[in-house]
Amino acid sequence: SEQEYRARLKGVNNRVPDQWIEQSDRGGLQAGDIVVPDHIPNVPQAIAAAPPGSTVYIRNGFYKWEGVLVVQKPLHVRGEPNPDEGPGQGRPTLEGRWLLGQHSSGSFKHVNCIARFNKPEQGSGPMGGEQGPP
């Protein structure tokens, strides 16, 4: 909850809630929202723990995971923007594979995604290799 988030922040170097979260298009931290790495240390665990319709806020940094991150719920992802950098710079970078399932929907803002594709294998997939979302 927002109260728990504010209490946690006070316990960490007397931090105040981040302006980028408070002013996000999602209306600030709501019940069920998660901040990576404050609440949960990595993106896959945060996505798994986030309830449908919630927002996962990701601080600047590089986040990489192995395997496929399957999303089967409505979800929003917001990265920490850096107004001092050019477009696409100074934002969280996510490197890993995503699979957006049948019931997934939502939005991504202020994140850089690095696409990783499977190495093409002869005879598999429509183009000789499987390619999917990052």
Side-chain angles (χ1 to χ4, degrees):
S1 74
E2 186 172 355
Q3 285 180 323
E4 291 170 335
Y5 172 67
R6 289 177 188 276
R8 248 189 313 262
L9 287 177
K10 283 189 172 188
V12 180
N13 299 327
N14 292 319
R15 288 180 72 175
V16 295
D18 296 84
Q19 190 174 21
W20 67 277
I21 294 173
E22 296 290 320
Q23 295 178 353
S24 85
D25 64 328
R26 300 291 303 149
L29 200 69
Q30 306 293 319
D33 290 352
I34 296 171
V35 180
V36 176
D38 300 30
H39 301 149
I40 294 179
N42 62 59
V43 174
Q45 288 178 350
I47 298 295
S54 64
T55 303
V56 175
Y57 294 95
I58 304 174
R59 293 194 179 282
N60 284 336
F62 183 80
Y63 301 87
K64 180 178 180 178
W65 61 91
E66 297 299 323
V68 178
L69 178 54
V70 179
V71 181
Q72 301 229 29
K73 57 189 165 189
L75 192 66
H76 301 277
V77 176
R78 297 293 181 266
E80 180 177 10
N82 185 345
D84 297 331
E85 300 287 340
Q89 302 296 313
R91 299 175 179 178
T93 298
L94 310 179
E95 181 178 350
R97 292 182 53 99
W98 296 80
L99 175 61
L100 303 179
Q102 180 179 3
H103 300 289
S104 66
S105 65
S107 59
F108 284 75
K109 286 190 179 178
H110 304 294
V111 293
N112 296 323
C113 292
I114 297 175
R116 287 194 293 159
F117 300 103
N118 289 346
K119 185 176 180 179
E121 297 177 25
Q122 282 189 319
S124 73
M127 305 279 291
E130 179 185 330
Q131 294 187 344

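To the nearest 0.5 Å, atom CH2 of residue W65 and atom CG of residue L94 are 5.0 Å apart.
Between the side chain of K73 and the main chain of G101, no donor-acceptor pair closer than 3.5 Å is present. Side chain of E80 to backbone of N60: a donor-acceptor contact under 3.5 angstrom is found. When atom types are taken as modelled, the side chain of K64 and the backbone of T93 share no donor-acceptor pair closer than 3.5 angstrom. No donor-acceptor pair under 3.5 Å is formed between the side chain of D38 and the backbone N or O of V35.
The two residues P51 and L75 come nearest to each other via the heavy atoms O-CD1, 4.2 Å. Here the shortest heavy-atom pairing between P92 and G79 reads CG-CA, 3.6 Å.
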Item to complete: Output, in order, the C-alpha distance, side-chain angles, deciding distance and verdict of side-chain contact (heavy atoms from CB on, under 4.5 Å) for V77 and I58.
Response: CA-CA 7 Å; V77 176; I58 304 174; 3.7 Å; yes

Discussion item. What verdict does the side-chain contact (heavy atoms from CB on, under 4.5 Å) test give for S54 and I34, after you've listed the backbone C-alpha separation in whole Å, the side-chain angles of each residue and the deciding distance to 0.1 Å?
Written reply: CA-CA 8 Å; S54 64; I34 296 171; 6.0 Å; no

Practice prompt. Tell me, with the steps shown, if R78 and I21 meet side-chain contact (heavy atoms from CB on, under 4.5 Å).
Written response: CA-CA 9 Å; R78 297 293 181 266; I21 294 173; over 6 Å; no

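Checked for salt-bridge contact, R59 and D18 meet the test: a charged N lies under 4.0 Å from a carboxylate O.
Using modelled atom types, one finds a donor on one side chain and an acceptor on the other under 3.5 Å when comparing Y57 with S24. R26 and T55 share a donor-acceptor pair across their side chains, judged by distance under 3.5 Å alone.
No side-chain heavy atom of N42 sits less than 4.5 Å from a side-chain heavy atom of Y63. Side-chain contact check for R91 versus V111: every heavy-atom pair is 4.5 Å or farther apart. Taking the side chain as every heavy atom from C-beta outward, F62 and N112 never approach each other to under 4.5 Å. D33 places none of its side-chain heavy atoms less than 4.5 Å from the side chain of V56. You'll find the side chain of H76 reaches within 4.5 Å of the side chain of S107, heavy atoms only.
With V70 as the fixed residue, the side chain to side chain contact (heavy atoms under 4.5 Å, CB included) test singles out one of L99, L100, I47: L99.
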